[in-house]
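Values reported hereafter were calculated over all heavy atoms of this structure, with side chains retained and with hydrogens, waters and symmetry mates removed.
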Number of protein chains: 2
Amino acid sequence: MRTLEHPGVEELTLDAVLSALADPVRRTIVAQLDVGHEDQACIAFDLPVSKSTSTHHFRVLRDAGIIRQRYAGTAIRSSLRREDLDARFPGLLDAVLRG
Amino acid sequence: MRTLEHPGVEELTLDAVLSALADPVRRTIVAQLDVGHEDQACIAFDLPVSKSTSTHHFRVLRDAGIIRQRYAGTAIRSSLRREDLDARFPGLLDAVLRG
DNA sequence: GTCGTAGTACGAGGACTCTCGTACAAATCT
DNA sequence: AGATTTGTACGAGAGTCCTCGTACTACGAC
């Protein structure tokens with residue numbers, strides 16, 4: 001099975017997290033994951049960009065440690081790393097999601 | 001007396017605020033304002049960039065509504081718009097400052 | 001008035017980002 | 001096996017951002 005690289009909790013940087021969340025498309029992804037679309041494939045998200053651009057944004061979120069991704073057949077299941085983010089930057093994710 | 005443009009509370013956008021806070025130099029400014037250097041001139045901040053780059057970063061922070069600036073002689077006094085930010089995006093500033 | 005200080009305006013270089021299309025790889029389904 | 005689905009790799013174009021130096025303005029001090 002194919003695997004995907006994820007940074008550890010202690011590797012999360014405020015710089016990467018804030019840069020990732022500064023993009024509106026990526027905040028849309030995070031918001032949709034927050035309301036429980038964790039079973040969706042990347043392609044099923046409602047995004048105003050092409051497929052390759054989607055891949056780019058999901059990768060940025062994964063590299064920043066904001067989401068976790070694992071293969072499920074040909075698709076990928078994404079989920080929010082809420083606990084890791086709360087442990088490293090308490091209140092940040094909630095504040096952004098509320099905004 | 002010269003004046004400076006500031007956005008109103010209702011004009012603050014998450015996009016502008018997060019983009020502004022995504023830069024490490026600007027977070028340094030915000031952090032120094034947070035620990036009570038609000039009497040300092042811009043030039044007195046400990047930043048690893050040139051004077052004109054400083055001007056740029058202070059302007060981005062002001063345009064995003066994160067700081068307030070007013071002239072005091074030839075210098076400028078900057079201060080955090082903590083209450084405005086807390087009203088618009090509760091918990092966000094604290095989370096970033098804690099990180 | 002002259003000098004010094006604090007900040008701005010402007011332009012430029014370099015890097016990065018967002019976007020896309022096309023071509024491709026990996027797993028699944030028929 | 002062949003077709004379909006999902007996502008990736010790659011390259012390219014356009015735009016943005018960070019950085020700087022130089023020249024300039026506004027205010028205050030002497």
Interatomic distance, [X] [atom1] vs [N] [atom2] [rounded to whole Å]:
X	N	atom1	atom2	answer
E5(B)	dT8(C)	CD	C1'	15 Å
L47(B)	dC20(D)	CG	C1'	15 Å
R2(A)	dA26(C)	CZ	C1'	4 Å
R70(B)	dG7(C)	CZ	C1'	16 Å

If the condition is side-chain contact (heavy atoms from CB on, under 4.5 Å), which residues does [X] pass it with, not counting sequence neighbours?
X	result
T53(B)	V49(B), S50(B), H57(B)
A41(A)	I43(A), A75(A)
V60(A)	A20(A), R26(A), H56(A)

* List in chain and number order the residues that pass salt bridge (charged side-chain N to carboxylate O under 4.0 Å, His left out) with R59(A), two or more places apart in sequence or in another chain; answer none if no residue qualifies. =>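 R59(A) satisfies salt bridge (charged side-chain N to carboxylate O under 4.0 Å, His left out) with D63(A) only.
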* Got a sec, which residues hit salt bridge (charged side-chain N to carboxylate O under 4.0 Å, His left out) with R68(B), two or more places apart in sequence or on another chain? ->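 With neighbours one apart ignored, the set is D84(B).
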* **Pairs involving residues 28-45 of chain A, ordered by first then second residue, that meet salt bridge (Lys or Arg N to Asp or Glu O under 4.0 Å) (sequence neighbours left out)** =>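 Every pair satisfying salt bridge (Lys or Arg N to Asp or Glu O under 4.0 Å) with a residue in residues 28-45 of chain A: D34(A)-R82(A).
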* Asked: So what is the end-to-end bend of the helix from dG1(C)-dC30(D) to dT30(C)-dA1(D), with 5 pairs used at each end and the value given to 10 degrees?
  ->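 The value is 20°.
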* To do: Give a yes or no on whether the backbone of I67(A) and the side-chain of R62(A) come within a donor-acceptor separation of less than 3.5 Å.
  =>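 Side chain of R62(A) to backbone of I67(A): no pair is present.
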* Asked: Can you pull the side chain to side chain donor-acceptor pair (under 3.5 Å) pairs that have at least one residue in residues 4-18 of chain A, sequence neighbours excluded?
  ->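 Only D15(A)-R27(B) qualify under side chain to side chain donor-acceptor pair (under 3.5 Å).
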* Nearest to the side chain of V49(A), which nucleotide is it out of dC20(C), dG28(D), dT8(C)? ->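 For the V49(A) side chain, the nearest candidate turns out to be dC20(C).
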* **Strand-adjacent residues in residues 37-45 of chain A, judged by heavy atoms under 4.0 Å from DNA chain C** =>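 Listed by number, there are none.
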* Asked: Which of residues 50-66 of chain B sit near DNA chain D, with a heavy atom under 4.0 Å from it?
  ->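 The answer is S50(B), S52(B), T53(B), H56(B), H57(B).
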* Do the side-chain N or O atoms of R26(A) get closer than 4.0 angstrom to the phosphate oxygens (OP1, OP2) of dC18(C)? ->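 For dC18(C), OP1 or OP2 has a side-chain N or O of R26(A) closer than 4.0 Å.
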* Q32(B): side-chain hydrogen bond (donor to acceptor under 3.5 Å, both in side chains) partners, not counting sequence neighbours ->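 side-chain hydrogen bond (donor to acceptor under 3.5 Å, both in side chains) check on Q32(B) returns nothing, list empty.
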* **Residues that F58(B) engages under ring pair (Phe, Tyr, Trp, His ring centres under 6.0 Å), provided they are two or more places apart** =>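 Partners of F58(B) under the ring pair (Phe, Tyr, Trp, His ring centres under 6.0 Å) test: F45(B).
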